[in-house]
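Single-structure report; data block below.
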Amino acid sequence: MPELPEVETMCRGIACFCGEIIATTQFPRYTRRPSPIEPRPRTMAAKLHRSRIMDITRLGKRAVLRIQHNETPVDSFLVFEPRMTGLLLRVSPPTQQHVRLAITTREKQRLIFWDRRGLGTITLIDKSTFEARFGSHALGPDALTITGAALHTKIHSSRRHIKVALLDQKILAGVGNIYASEILHEAKVDPRTRCHRLSQNTCDRIATACSRILHHAIKMEGSSIGDETYRTADNRPGRYQRFHKVYGRSDNKCFRCETKIQRVVQAQRSTFFCPQCQRRY
DNA sequence: CGTTCAACCTGGGCGC
DNA sequence: TGCGCCCAGGTTGAAC
């Protein structure tokens with residue numbers, strides 16, 4: 001579920017935790033660890049206790065809390081990866097059953113990571129591990145600030161479909177399945193176009209569309225489709241789904257040219273596009 | 001290099 | 001009403 005606009009909205013929604021000190025942590029039904037060497041819940045709880053949340057930032061589709069302990073003033077990073085159904089909440093969760101982490105601060109606020117499917121991850125790592133895992137070699141530039149030139153450089157020799165490349169977090173960080181379709185519709189590019197056929201000019205258009213769509217989606221606090229789906233930190237649905245031009249609209253008319261929107265499958269994921277006004281290069 | 005598949009999970013919706 | 005099947009916003013690693 002959560003892509004860049006949703007994670008950005010979550011981060012803004014929990015910004016009120018900055019500066020607060022962690023009093024209690026509970027990991028009921030903790031999610032599986034990203035890898036066997038990840039810290040266990042007990043280890044994390046011990047490190048988090050009486051630590052201060054220094055700041056909260058988004059890194060691609062992850063929320064990162066920088067943590068500092070009084071007695072060992074070295075940064076560590078609490079990283080949340082919501083994957084499909086993870087949510088960061090500061091109000092009561094939809095069910096108790098899927099609470100993966102509950103933090104109470106000394107100031108009596110509650111921060112909850114809730115994840116119905118349990119595919120999301122929580123990890124607490126030091127600076128060097130953080131950089132090894134999430135440095136620029138592992139993660140492309142943020143999708144909000146990608147330039148056409150940077151995109152062109154990254155993909156010009158690739159034979160992959162552009163839609164599949166946009167989902168690759170090494171190319172650019174933050175775009176997921178919903179926004180990839182929306183961006184290519186805005187840029188008027190067929191999702192099945194192979195990257196090496198895209199000119200610098202067309203890459204400029206994709207980068208511009210990327211920034212416009214994502215900024216608008218952030219303004220609307222992300223996309224919520226259905227009931228058990230993404231919510232803001234205070235448990236409200238986002239509103240950007242009202243602005244979707246292609247995602248989930250197969251067989252409906254394109255708003256731009258009235259042609260029927262098509263659904264195809266690429267890399268085992270649904271892609272929606274207008275076969276008339278999105279050009280194949 | 002690129003593509004496909006399975007796996008990690010839960011639960012909603014659908015056809016029968 | 002119940003059962004089995006398919007589907008879902010993400011990521012990873014193995015196989016071809």
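All values below were derived from every heavy atom in this structure, side-chain atoms included, with hydrogens, water molecules and symmetry-related copies excluded. Every chain is numbered from 1 and lettered A, B, ... according to where its sequence line falls, protein lines coming before strand lines.
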By nearest atom, which of the nucleotides [options] is closest to the [X] side chain?
| X | options | answer |
| --- | --- | --- |
| A:Glu3 | C:dG9, B:dG2, C:dT12 | C:dG9 |
| A:Ser158 | B:dT10, C:dG9, B:dG2 | B:dG2 |
| A:Arg159 | B:dG2, B:dT10, C:dA8 | B:dG2 |
| A:Met84 | B:dG2, B:dC9, C:dG9 | C:dG9 |
| A:Gln169 | C:dG9, B:dC9, C:dT11 | C:dT11 |
| A:Arg160 | B:dT3, C:dT12, B:dC9 | B:dT3 |
| A:Arg83 | C:dT11, B:dT10, B:dG2 | C:dT11 |

Check the side chains of [Y] and [X] for a donor-acceptor pair under 3.5 angstrom, ignoring hydrogens and angles.
| X | Y | value |
| --- | --- | --- |
| A:Tyr230 | A:Gln241 | no |
| A:Trp114 | A:Thr95 | yes |
| A:Asn177 | A:Lys163 | yes |
| A:Asp126 | A:Ser76 | no |

Between [N] and [M], how many Å separate the two [atom1] atoms, rounded to a whole number?
| N | M | atom1 | answer |
| --- | --- | --- | --- |
| B:dC5 | C:dC7 | P | 13 Å |
| C:dC5 | B:dA6 | P | 15 Å |
| C:dT11 | B:dG11 | P | 22 Å |

What nucleic acid atoms does [X] come within less than 4.0 Å of, heavy atoms only: base, sugar-phosphate, or nothing?
| X | answer |
| --- | --- |
| A:Tyr247 | sugar-phosphate |
| A:Glu6 | nothing |
| A:Gly118 | nothing |
| A:Arg100 | nothing |

side-chain N/O A:Thr85 vs C:dA8 OP1/OP2, d < 4.0 Å: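 The answer is no; no side-chain N or O of A:Thr85 sits under 4.0 Å from OP1 or OP2.
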B:dC9 OP1/OP2 closer than 4.0 Å to side-chain N/O of A:His98: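 For B:dC9, neither OP1 nor OP2 has a side-chain N or O of A:His98 closer than 4.0 Å.
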[N] [atom2] sits how many Å from [X] [atom1], rounded?
| X | N | atom1 | atom2 | value |
| --- | --- | --- | --- | --- |
| A:Arg117 | B:dC8 | CZ | P | 13 Å |
| A:Gln268 | C:dA8 | CD | P | 11 Å |
| A:Tyr30 | B:dC8 | OH | P | 17 Å |

Any strand: nucleotide that pairs with B:dC9 via Watson-Crick or wobble, under 3.5 Å: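 Here B:dC9 is not engaged in any pair, so there is no nucleotide opposite it.
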Within the 6.0 Å centroid threshold, strictly below: A:Tyr240 and A:His216: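 That pair passes the under 6.0 Å test.
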A:Glu186/A:Arg212 salt bridge by N-O under 4.0 Å criterion: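 Here A:Arg212 pairs with A:Glu186 in a salt bridge, since their nearest N and O are under 4.0 Å apart.
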Polar side-chain contact A:Ser223-C:dG9 base: donor and acceptor under 3.5 Å: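 By the distance-only test, no, there is no pair.
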